[in-house]
Structure formats: C-alpha cells, structure tokens
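Numbering starts at 1 and runs along the sequence shown. Just follow the structure's listing: the first ligand is 1, and inside any ligand the first atom is 1.
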Amino acid sequence: MGIFEQLATYGYGELHLGHDTNTGLCAIVAIHDTRLGPSLGGCRFISYTDEAAAIADALRLARAMTAKAALAGVKHGGGKSVIMRPAGEFDRAALFAAFARFVDGLRGRYITTEDSGTTISDMEVIRGITPHVAGFSKGAGGSGDPSPFTALGVRRGIEASVKVALGTDSLEGLHVAVQGVGNVGVNLCRELKRAGARLTIADVDEALVDRVVQELGANVASADAIHRTACDVYAPCALGGAINRDTVEALQCKIVAGAANNQLARPEDGERLHARGILYAPDYAINAGGLINVAEEVAGYDEQRATDKTMAIYDTVLAISQRARDTNTPPHVVADDMVDQILGNQAI
Ligand code: NAD
C-alpha cells in the first residue's frame with residue numbers, strides 16, 4: 001500500500017520524516033488527529049526491518065492514541081514517534097538532540113514522551129532543546145512513573161466489566177489471570193490483591209514471577225498456557241496480539257480486560273470474543289491511566305486530579321460494556337463508534 005493510501009485508510013493526519021546526516025537520525029512523527037488538542041504520544045526507539053515497518057508502526061500507534069485520549073476526556077490528539085535504532089555504533093545524546101530539533105520544528109503540534117526503548121535521560125536531552133516533551137520524574141517536576149496509574153485504571157475497568165458480565169460490585173474472591181507482571185502487571189496485581197481477588201500469573205521473566213509470588217502470593221502458570229486458565233478475568237499485560245485466532249478459542253474466562261496495547265491481533269478476534277460470550281474491555285479505553293497522568297503534567301501536574309480522572313475509567317468501560325450488551329455489538333465496535341462521535345462533535 002502506498003503511503004497516501006495508508007494515510008487515507010487510517011484517517012490521517014500528518015506524517016513527518018526527519019533525517020540528520022551527522023547523527024544518522026531516521027525519525028518519523030505521525031500526528032493522527034489534533035481536533036481535541038496538540039498530539040501527545042511516546043517515542044519508540046527500536047530496530048525495524050525497514051522504514052515501511054517503522055512508518056506503519058507510527059501510524060498505527062498514533063491512531064490508537066487519538067482514540068485513547070478521546071475516550072479518557074484528555075484534551076490531546078493522537079501522535080507517536082519512532083526513531084529507527086541505528087544498526088552500528090551511535091552517539092545517543094547527539095541522536096536525541098537531533099530528534100529534539102525535529103520535534104521543535106513541529107511547534108508544539110506533537111508532544112513527545114517515553115515509550116519502548118527510550119528513557120527519562122533521553123527525555124532530559126530533548127527538554128534541553130524543546131519544551132514539547134513530558135514524562136519526567138517527580139523530582140524533576142514531572143508526573144513520575146505512569147505504570148501505577150495505568151494499573152489503577154485497569155483495575156477500575158475490570159470492576160466495570162465485572163459489574164456488567166457478572167452482576168457484582170466487588171472483586172472479592174474473583175479469579176484473575178494476569179499475563180505479564182512487568183511495570184503495569186505487578187501494580188495491577190497489587191490493586192487486585194487489595195480488592196480481594198485471587199491471582200494466577202505468568203511471565204517469561206522468572207524473577208518477576210517470583211517477586212509477585214513472594215510479595216502477594218499467586219498461582220503460577222506457564223507463559224504459553226496462562227490464557228487457558230479457567231478464571232473470571234483474563235488480563236493481558238504483556239505484548240500486543242494476546243487475543244488472536246489461536247488463543248481466542250482456548251480462553252476459559254468470562255472477561256478479557258488488561259493493560260496491553262493492541263490486544264486484538266485483528267478486529268475479527270473481537271468478533272470471536274463476542275461470539276463466545278466473553279466480554280472484552282477495549283484496550284485503549286481501559287489502559288488510559290498512564291496517558292491521563294502524563295497529560296496532567298503538560299497541563300500542570302496535580303496528582304489528585306490525575307487519580308480522579310483515572311478512577312473515571314470505570315464509567316467509560318461501564319458505558320461501553322452496557323451498550324455492547326444492550327445492542328449485542330462487540331465492545332470494540334461500540335468503543336470505536338464512541339470515539340467517532342466524540343471527534344465528530346469537535347469543530348475542525
Ligand atoms: P513491561 O515491559 O514492564 O512488562 C511486560 C511484561 O510482559 C514483561 O515483564 C515481559 O517479560 C512480559 N512478557 C513478554 N512476553 C510475555 C509472554 N509471552 N507471556 C508472559 N509475559 C510476557 O511493560 P509495561 O510497561 O508493564 O506494559 C505492559 C503492556 O501495557 C504493554 O503492552 C504496554 O504497551 C501497555 N501499556 C503500558 C502502559 C504503562 O503505563 N506502562 C500504559 C498503557 C499501555
């Protein structure tokens with residue numbers, strides 16, 4: 001597919017390419033939609049097989065940010081950037097300085113932050129050159145680690161899903177299987193344990209599994225079998241694509257609700273979940289806590305406000321789930337429709 005064809009398919013927007021000969025910077029900034037405000041989204045710094053893969057990643061990720069911000073009531077548009085990791089030796093600080101000049105040239109239409117492969121130190125380099133960056137430690141006047149906020153929002157989304165699918169207000173005694181106990185997963189386990197849930201966990205990193213077992217007590221499943229756990233809620237908190245053609249038929253849960261981005265490998269997998277009677281909490285609705293937190297930093301950080309807005313993820317997931325149930329429509333379709341309505345109500 002040609003680039004303009006891709007942009008038309010995804011409903012874009014702007015696509016910016018930045019190159020710097022001295023540092024070898026090859027960067028992409030995708031600005032999907034700015035009707036709600038300047039675009040905000042992380043900068044990925046990973047290896048890509050080729051530039052087409054990097055562009056496709058940026059486009060897909062930025063579009064999801066538009067949806068996430070719209071449903072969370074965050075006054076930002078969807079943006080994302082990608083720096084293609086150079087194959088050989090490179091000067092990291094110089095590379096990120098060149099990236100910062102690229103971002104600065106966009107004059108605030110894109111605000112960058114941390115994502116896979118980037119660190120707070122990289123953001124500090126960027127901040128030396130442009131103000132259009134967020135996601136700093138609390139000590140540096142920022143909003144700190146977003147993971148506890150993401151986990152809080154996921155717990156609230158699970159509560160809303162449980163209300164609709166199981167008709168109960170409490171997580172007491174419910175069994176939740178958590179795939180991936182990294183930054184968000186471990187915080188989600190803490191949230192769930194406090195709420196009285198029973199945990200089964202899996203991670204490819206055994207040390208992380210041990211940490212949760214020792215701190216909270218949990219059953220352990222193997223990473224390739226966690227999705228088959230007979231449980232109330234399956235919470236994918238690892239990589240994207242956890243719900244796919246292979247896994248969807250093996251699930252033995254009533255609800256899928258977790259933190260991972262892009263949980264549905266393909267939209268058809270959302271249809272399959274729905275056909276099986278499993279309630280799905282759309283990822284970009286339930287995992288917005290981190291975005292809410294960093295957006296508060298851009299506005300002038302107030303932890304209580306960030307917490308309150310994250311708690312309200314309950315209402316969003318509840319509305320999606322109820323409408324899905326009442327209209328017999330897959331929740332991801334309902335959520336997409338709600339995003340279109342929110343964006344359509346904005347003056348262009
Ligand atoms: P992380 O890298 O800290 O944790 C992911 C964990 O998943 C790791 O511990 C990894 O070992 C494990 N893992 C990888 N493959 C696995 C497999 N096949 N089975 C079991 N475990 C596996 O990342 P994170 O920050 O905790 O984010 C988790 C997910 O949530 C990601 O998809 C991320 O994009 C999404 N997310 C994170 C945030 C945030 O605030 N960090 C916000 C929104 C969405």
Chemist: Looking at Phe136, is its backbone amide N or carbonyl O close enough to the side chain of Glu297 to form a donor-acceptor pair, meaning the two atoms are under 3.5 Å apart?
Modeler: yes

Chemist: Is it true that Asn293 and Tyr301 share a donor-acceptor pair across their side chains at a distance under 3.5 Å?
Modeler: yes

Chemist: How far is atom 27 (O) of ligand 1 from the closest protein heavy atom, and which atom is that?
Modeler: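 Nearest neighbour among protein heavy atoms for atom 27 (O) of ligand 1, to 0.1 Å: Val184 CG2, 3.9 Å.
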
Chemist: Is there a donor-acceptor contact under 3.5 Å from the side chain of Thr329 to the main chain of Thr327?
Modeler: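 Present.
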
Chemist: Can you report which non-hydrogen protein atom sits closest to atom 42 (C) of ligand 1, along with the distance?
Modeler: Thr150 OG1, 3.4 Å

Chemist: Short check: is a protein heavy atom less than 4.0 Å from atom 25 (O) of ligand 1?
Modeler: yes

Chemist: To which protein heavy atom is atom 4 (O) of ligand 1 closest, and what is the distance rounded to 0.1 Å?
Modeler: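 Heavy-atom neighbour on the protein nearest atom 4 (O) of ligand 1: Gly182 CA, 3.3 Å.
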
Chemist: Closest non-hydrogen protein atom to atom 19 (N) of ligand 1, residue and atom name please, with distance?
Modeler: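 So the nearest neighbour among protein heavy atoms is Ala223 CB, 3.6 Å.
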
Chemist: Test ring-ring contact (aromatic ring centres under 6.0 Å, His included) on Phe45 and Phe99 and set out the steps.
Modeler: CA-CA 11 Å; Phe45 182 50; Phe99 175 69; 9.4 Å; no

Chemist: Just by modelled atom types, is the Val233 backbone N or O under 3.5 Å from a matching donor or acceptor in the His175 side chain?
Modeler: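 Side chain of His175 to backbone of Val233, a donor-acceptor pair under 3.5 Å: no, none is there.
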
Chemist: Classify the contact between Ser116 and ligand 1 as side chain, backbone, both or neither, using a heavy-atom distance cut-off of under 4.0 Å.
Modeler: neither

Chemist: How far is atom 8 (C) of ligand 1 from its nearest protein heavy atom, and which residue and atom is that?
Modeler: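 That would be Asp203 OD2, 3.5 Å.
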
Chemist: Among Val154, Asn183, Val204, which one has a heavy atom closest to atom 3 (O) of ligand 1?
Modeler: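 Nearest heavy atom to atom 3 (O) of ligand 1 lies in Asn183.
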
Chemist: Is the closest side-chain donor-acceptor distance between Tyr10 and Asp33 under 3.5 Å?
Modeler: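 Looking only at side-chain atoms, Asp33 and Tyr10 do not form any donor-acceptor pair under 3.5 Å.
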
Chemist: Return yes if some donor-acceptor pair links the side-chain N/O of Ser81 with the main-chain N/O of Ile28 below 3.5 Å, else return no.
Modeler: no

Chemist: Are Val184 and Ile158 connected, step by step, through hydrophobic side chains (Ile, Leu, Val, Met, Phe, Trp, Tyr) whose heavy atoms are closer than 4.5 Å?
Modeler: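 They do not share one cluster, since no chain of ILVMFWY contacts under 4.5 Å joins Val184 to Ile158.
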
Chemist: Taking non-hydrogen atoms only, is Leu208 closer than 4.0 angstrom to ligand 1 via side chain, backbone, both or neither?
Modeler: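 For Leu208, the contact with ligand 1 is made by the side chain alone.
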
Chemist: Out of all atoms in ligand 1, which are within 4.0 Å of some heavy atom of Ala260? Include the element for each.
Modeler: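 Atoms satisfying the 4.0 Å criterion: 29 (C), 30 (O), 32 (O), 35 (C).
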
Chemist: Identify which one of Thr23, Thr118, Asp91, Leu25 satisfies the side chain to side chain contact (heavy atoms under 4.5 Å, CB included) criterion when paired with Phe96.
Modeler: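 When side chain to side chain contact (heavy atoms under 4.5 Å, CB included) is applied between Phe96 and each of Thr23, Thr118, Asp91, Leu25, only Thr118 qualifies.
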
Chemist: Under 6.0 Å from the six-membered ring centre of Tyr12 and within 45° of its axis: does the NZ or CZ of Arg63 meet both?
Modeler: no

Chemist: Just to be sure I read this right, does ligand 1 sit under 4.0 Å from the backbone of Asn287, its side chain, both, or neither, counting only heavy atoms?
Modeler: both

Chemist: How far is atom 5 (C) of ligand 1 from its nearest protein heavy atom, and which residue and atom name does that atom have?
Modeler: Cys237 O, 3.8 Å

Chemist: Counting heavy atoms only, which of Pro148, Ala64, Ala259 comes nearest to atom 30 (O) of ligand 1?
Modeler: Ala259

Chemist: For ligand 1 and Asn261, I'd like to know whether there is a polar contact (N/O to N/O, distance under 3.5 Å).
Modeler: yes

Chemist: Touching ligand 1 at all, Gly240? Heavy atoms, strictly under 4.0 Å?
Modeler: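 So Gly240 does not count as touching ligand 1.
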
Chemist: Is there a donor-acceptor pair under 3.5 Å between the side chain of Thr200 and the backbone N or O of Ala177?
Modeler: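 Pair absent, no side-chain N/O of Thr200 close to backbone of Ala177.
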
Chemist: Check each atom of ligand 1 against the heavy atoms of Ser147 and keep those under 4.0 Å away; list them by number with element.
Modeler: 40 (O), 41 (N)

Chemist: Give me the residue, atom name and distance of the protein heavy atom closest to atom 32 (O) of ligand 1.
Modeler: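 So the nearest neighbour among protein heavy atoms is Ala238 O, 2.7 Å.
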
